[in-house]
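Reminder, nothing fancy here: chain letters follow the sequence lines and each chain counts from 1. Note: hydrogens, waters and symmetry copies are ignored here, and every other heavy atom, side chains too, is used.
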Amino acid sequence: MDFRLTDDQRALQEGVRKLLEGRFGRERLRAAVDGPGVGPEASLDRALWRELGDAGFFALRLPERDGGVGLGLPEAVLAFEEAGRALLPGPLVATHLAAATVPGAATGERVVTRVDGELVEWLDAADHVLGNAAGAVPVRSVDPLTPLHRVPGAAGGDVPEPDAVPAALLTAAEQLGSAGRTTEAAVRYAGEREQFGRPIGSFQAVKHLCARMLVRTETARAAVYGAAVTGEAVEIAGAKLLADDAAVRNARDCLQVHGGMGFTWEADVHLHLKRAWVRAERWPTEREAAELLAAALR
Amino acid sequence: MDFRLTDDQRALQEGVRKLLEGRFGRERLRAAVDGPGVGPEASLDRALWRELGDAGFFALRLPERDGGVGLGLPEAVLAFEEAGRALLPGPLVATHLAAATVPGAATGERVVTRVDGELVEWLDAADHVLGNAAGAVPVRSVDPLTPLHRVPGAAGGDVPEPDAVPAALLTAAEQLGSAGRTTEAAVRYAGEREQFGRPIGSFQAVKHLCARMLVRTETARAAVYGAAVTGEAVEIAGAKLLADDAAVRNARDCLQVHGGMGFTWEADVHLHLKRAWVRAERWPTEREAAELLAAALR
Amino acid sequence: MDLTYTEEEEEFRARLRAWLAATLPGLPPRPDPRDWPGRRAYDTAWQRRLYDAGYAGLHWPADAGGHGATPTQHLIFLEETELAGAPYVGANFVGLLHAGPTIAAEGTRAQCSRWLPPILRGDEIWCQGFSEPDAGSDLASLRTRAVRDGDAYVVTGSKIWTSHAEVADWCELLVRTRPVSADVPGHRGITWLALPMNAPGVSVRPLRTLAGTTEFAEMFLDEVRVPAAHRVGEENDGWRVTMVTLSFERGTAFVGEVVACRRTLRALAEAARGNGRWDDQEVRRTLGRLNAEFTALWRLTQWNVSEAQRAGGVPGNSGSVFKLRYSHARQELYDAAARVLGPGGLDLSHDWTADRLSSLSYTIAAGTSQIQRNIVAERVLGLPKGR
Amino acid sequence: MDLTYTEEEEEFRARLRAWLAATLPGLPPRPDPRDWPGRRAYDTAWQRRLYDAGYAGLHWPADAGGHGATPTQHLIFLEETELAGAPYVGANFVGLLHAGPTIAAEGTRAQCSRWLPPILRGDEIWCQGFSEPDAGSDLASLRTRAVRDGDAYVVTGSKIWTSHAEVADWCELLVRTRPVSADVPGHRGITWLALPMNAPGVSVRPLRTLAGTTEFAEMFLDEVRVPAAHRVGEENDGWRVTMVTLSFERGTAFVGEVVACRRTLRALAEAARGNGRWDDQEVRRTLGRLNAEFTALWRLTQWNVSEAQRAGGVPGNSGSVFKLRYSHARQELYDAAARVLGPGGLDLSHDWTADRLSSLSYTIAAGTSQIQRNIVAERVLGLPKGR
């Protein structure tokens, strides 16, 4: 047993982080948020999508003989964690999951989305939809970087389609990345911002908010990485539950640490919160995950 | 509208506090806790009971023409709040409620208990039982000062007996008293105990624990006093819910502020916690109260 | 413990209710939230109607042009206008609830007669220039400087979180007139000025919040000349001048909001019954718990108002207890709304989703929950100040 | 990220499992919890069996008489003994997990050969004399004084929270050998001594906890002579000597407890299914959430153990993250038990009710949650120290 990241995994993690910093850094993020095509009309950056394809983001788990990278869920989780950190937009999970089945998905030439519960993300931008999006109506998405449609009556039965379990894990990985990022942002701000003649991070109340954020992040990390290794459906549900909680609550605490500045559009923290809300609605939601985890207690 | 206590109400409050300080002060409390008759064999102090009767504790709401004090629910709530502060043991609520119907209850000559859900407090010590306690079996009560019996299968239907609503209010008042007392205890200890060369109450983490305790107490106070004035069943359920929460959580926070000392038998805080747990099980429990309050949302 | 209203109070309520019933149907449609001139016009027109009906400055002292109403009457006024769906105080907020009472308490007779009547009539509106980018929780560290030059102060600096700055006539401005030093703590060298918003050197930039709207603005002051006659109170005494009004709070600050929350809660229950979420015990009980919460907050309001009525002014301390509980309860209300809406909680077309975003400021604005807990611990509970 | 065990580790597990299966049925019945001599005898007999089977001091270095097992093997050992229902380390705890490793790391050869073998064989047990009534979170402020007098230290003071003091042979004792002053901070003048519990002047008084039991004791020291040869490390260097062992923690501290919690959780689910509470969505989902929680805590344990395996010793910092989450989760577990039991939660005959009382210490003992959050914020996140 050695649960730590291997050197290769560390290299992958760093590689994806660098790629995203270069191609989707803060300026690019803000341009996307403040650009004209935000909201229902948000447009996907096709060039970036293909670059992600070239870098193997979508083909990560395809066998090498099929042109893939031949890696597994743990590596995919590391890549999606970075995507979550960077607030990378687009139907990343669906396109990744479609790499083996939808031609062009693996290379980033085609954009694939999927119906998840009653919601579909990026429907207008997608070339292909997994699931039945008939009758989908656009929604004024709370997240400026995730256009949404709602498919009335699509909320499925109790048994999700086979893709649902890995989709839940990759979503959890994105949430984990976001939770880690907001922790760092809160800590940095707390160290810089001065009030009453000292950094606010020297006040115990702020300190403890930050400590709670780290505890949530590291617990979610253990859950997500563990679920990636075992691939068990119930463990993945647990990872999603804890990562959703970490992402949403950390974003809120990060906002609280930022005070009034956190309430502005210019601060990134609201983008993390809104995206975390969107991801928390993907299957399994908190309620669904708790039920799955309860049923497994035997 | 003047929601504040009247001068008479203040006088009553002070009178009961003085009576209890004199007759059931800390030494008497500790003697009861550390005495031989604790647990299932706990014996009730009949002399104290009669003295409470003499002071009008049980006859408070009886009309004066029936030998009572002729006061109302608000005054009863103030008296029971003091009982909660002092951790006064015995089936106070049942005996108070029986003042009009069970001879000797009003004067404290007879001790009355009642079946509440599946539980009966002080069954062996009681002269009279409201409700059917047939088949009651003794329980090793978590609270050293509240002997308990359980009546299997007694957990009633959805409609509680008529006494249940005022009983819930008086229980909420006891919880409020306890919540206020543990707040004071935490604040006092935080001001005295020194660590790292200063009172622990100067650390923000401790300060904020105490502030949260006060907020819980004052919110519960508004709820309990308000419910006492209106006497509405749903408002009383809400008061019980908030007072239960305040009593239990304040006792735990008080314990946390006391650190290791709070974990000792000699500290009083565990007595507050255990009694708060016992009272929280009286009707309506958190779950039952939340359902009643939900159903009332129209 | 008396929750019944006096005959006089009930009469007041009945008259108000009748007036609202007669008046509200005649109001024009509400303006688009992004139309600031439209909002100003709408809000001030409503203020004018209140003035004409004798409700303007209800709680102001009579010698300031008000009606000297009791806190209880003020509570009734706020409760009834909210229940009736009347317009909010809106653009008149700072004038009626802060700058006006400050001038009434600390201004000269000339200042009172210049500034108070236009506030009451809805002729002029005020905004507030207190917070600065680097002075939020620590307001006393504000840095906007004012230097005396003849019969004027020359003011340079910037302010933030200024509502209605785009359309305000006046700004109640806190400026630093004495530099902070070892001998002069931050709050000692502050002065209160009435700044005419059309003065040369004043510029305003809308500030977009995370809700995507521009309810607030930044204000930049570049060598703005403010006549010394516009100073209220003594030079360097502005901190006390401002606090006088804060302690004038009579427990009524959140009356309308609590009434609105209780209405929202009932609407949530109705929505949950409609969409099936009511069958989820967790959702249902969460709404039940919030029912207890907001009922208690209403009682706490009545408690604070009763205290204010007798003792004259609620100390800010009970205000802190209330605000702590209320701001968290209100955030929980909108979290509950998201649970009721399910996927619909991601749809900004639902008011509750937009309100959820706004509610994120409640634990920050007007004193973060952290600062409020300090206040409760130190001023109410008497715990020692930290070092 | 590899959660599979090596062949060698699996062999270790299989051998241990077989030995446990063969050995446990032959154990005598557990003693009454109030029978301290009986508990000592039971716990040390178990230690002797471990010793004879080659499991004693598994994680101790070989030159200290141990087996130099890896953290992973230690994890497997703790997991399997818990799963099999083997006796706890009990009275041997301080010797095996704290005093012993301290002596092994910092003691002289003579000290090692005098004290270590009896610990491993279960011949002698140790207790810990660190905390004092006035030195809890602030251990460095301890006041028990030791004055050198010839070849001995004369020790006077009192200690608290000393488990097994009634039956221990030795106590690892921290004493102050240099008074605190402006130049000497609290942790500089502390010395580590091995105190023979039968020395004249040592008295022990059981300390009753809120659970009604006496798992701890107070210890009073009245001019107790401790030979200077019983000092481990240099005079005034006891703080560092003690911390050496604390940083020796290899992520395995709570392995048995997490395994036990997961078993309790399954039992709770079974009880809820049996008594109808399972139909309450809130109760059921609470158990589901705790399933996620304890699964994650198990993975976090494996993470910390993996770090320790490679890096040699988990810094106390990951330990703080773990302890914060774990102690709260464990309290929630027993709160959930109370909800499953309903009125039965008030009955001390249920182990869960008694365990709920004990669980109240988790957020206090061995560093309160408040202290742990300080550690995480300052040492892991690098936030500035408060003043």
Side-chain angles (χ1 to χ4, degrees), chain A residues 34 38-40 116-119 121 137-144 146 148 150-152 154-155 193-198 200 202-206 208-209 248 251-252 255-271 273-274 277-282 285-287 290, chain C residues 131-141 160-161 180 185-186 206-216 218 276-277 280-283 331 335 338-339 341-350 353-354 356-358 360-371 373-374 377 386-387:
Chain A
D34 299 322
V38 157
D116 187 316
E118 289 183 34
L119 294 167
E121 302 176 10
V137 289
V139 156
R140 274 187 61 209
S141 174
V142 72
D143 177 9
T146 308
L148 288 172
R150 200 160 166 187
V151 191
R193 168 83 172 175
E194 296 204 357
Q195 291 280 273
F196 307 101
R198 50 199 257 208
I200 59 169
S202 68
F203 290 97
Q204 222 180 10
V206 174
H208 287 195
L209 273 178
V248 170
R252 286 180 80 145
L255 202 160
Q256 187 71 23
V257 169
H258 277 74
M261 291 304 140
F263 194 64
T264 63
W265 185 265
E266 282 102 85
D268 292 344
V269 55
H270 72 100
L271 301 172
L273 179 58
K274 291 164 178 177
W277 280 343
V278 168
R279 295 193 199 106
E281 279 299 324
R282 296 189 200 152
T285 61
E286 208 267 352
R287 184 169 47 91
Chain C
S131 295
E132 298 180 7
D134 290 326
S137 293
D138 182 14
L139 183 58
S141 72
I160 196 170
W161 305 117
V180 179
L207 180 67
R208 198 168 175 204
T209 71
L210 56 73
T213 56
T214 51
E215 287 296 310
F216 303 97
E218 288 177 283
R277 294 261 166 169
D280 187 311
Q281 286 165 333
E282 273 185 339
V283 170
Q331 290 183 345
D335 287 345
R339 294 180 74 179
L341 291 171
L346 302 178
D347 186 350
L348 278 173
S349 333
H350 287 288
T353 306
R356 188 184 195 195
L357 290 175
S358 308
L360 295 168
S361 71
Y362 297 151
T363 47
I364 294 170
T368 65
S369 292
Q370 284 71 31
I371 295 286
R373 284 190 200 105
N374 279 356
R387 278 178 297 188

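Considering every non-hydrogen atom in both C:R208 and A:E266, the closest pair reads O-OE2, 4.1 Å. Pairing each heavy atom of A:W265 with each of C:T209, the nearest pair is CE3-O, 3.3 Å. Nearest heavy atoms, C:P343 versus A:E281: N-OE1, 3.6 Å. Among all heavy-atom pairs drawn from A:L273 and C:L360, the shortest one is CD2-CD1, 3.5 Å.
No donor-acceptor contact under 3.5 angstrom links the side chains of A:Q256 and C:T368, judged on distance only.
Interface remark: C:I371 contributes side-chain atoms only to the contact with chain A (heavy atom separation under 4.5 Å). C:I160 touches chain A through its side chain: at least one heavy atom from C-beta onward sits under 4.5 Å away, while N, CA, C and O do not. Heavy atoms closer than 4.5 Å to chain A are found in both the backbone and the side chain of C:S361. Of the two parts of C:D134, the backbone and the side chain both hold a non-hydrogen atom closer than 4.5 Å to a non-hydrogen atom of chain A. If you measure heavy-atom distances from C:A135 to chain A, the contacts under 4.5 Å come from the backbone alone.
Residues C:L357 and A:H270 fail the side-chain proximity criterion, which asks for heavy atoms closer than 4.5 Å. Looking at heavy atoms from C-beta onward, C:I364 lies in side-chain contact with A:L255 at the 4.5 angstrom threshold. In this structure, the side chains of A:T285 and C:R339 stay at 4.5 Å or more apart for every pair of heavy atoms. You'll find the side chain of C:E218 stays beyond 4.5 Å of the side chain of A:T264, heavy atoms only. Contact annotation: the side chain of A:I200 never approaches that of C:Q370 to less than 4.5 Å [non-hydrogen atoms, C-beta and beyond].
Between chain A and the residues C:A338, C:G345, C:S131, C:P133, the largest count of heavy-atom pairs under 4.5 Å involves C:P133. Note on A:E194, A:Q204, A:M261: by heavy-atom pairs under 4.5 Å with chain C, the leading option is A:M261. In terms of heavy-atom pairs under 4.5 angstrom with chain A, the leader among C:R373, C:H350, C:E282, C:R356 is C:R356.
To the nearest 0.5 angstrom, A:K274 atom NZ is 5.5 Å from C:L210 atom CG. Rounding to the nearest 0.5 Å gives a distance of 8.0 Å between CZ of A:F203 and CG of C:N374.
Listed by chain and residue number, C:W161 satisfy the ring pair (Phe, Tyr, Trp, His ring centres under 6.0 Å) test with C:F216 (two or more places apart in sequence, or in another chain).
Salt-bridge annotation for C:D347 and A:R150: absent, with no side-chain N of the basic residue lying under 4.0 Å from a carboxylate O of the acidic one.
Judged purely by atom type and a 3.5 angstrom limit, A:Q195 uses its side chain to pair as donor or acceptor with the backbone of C:S137.
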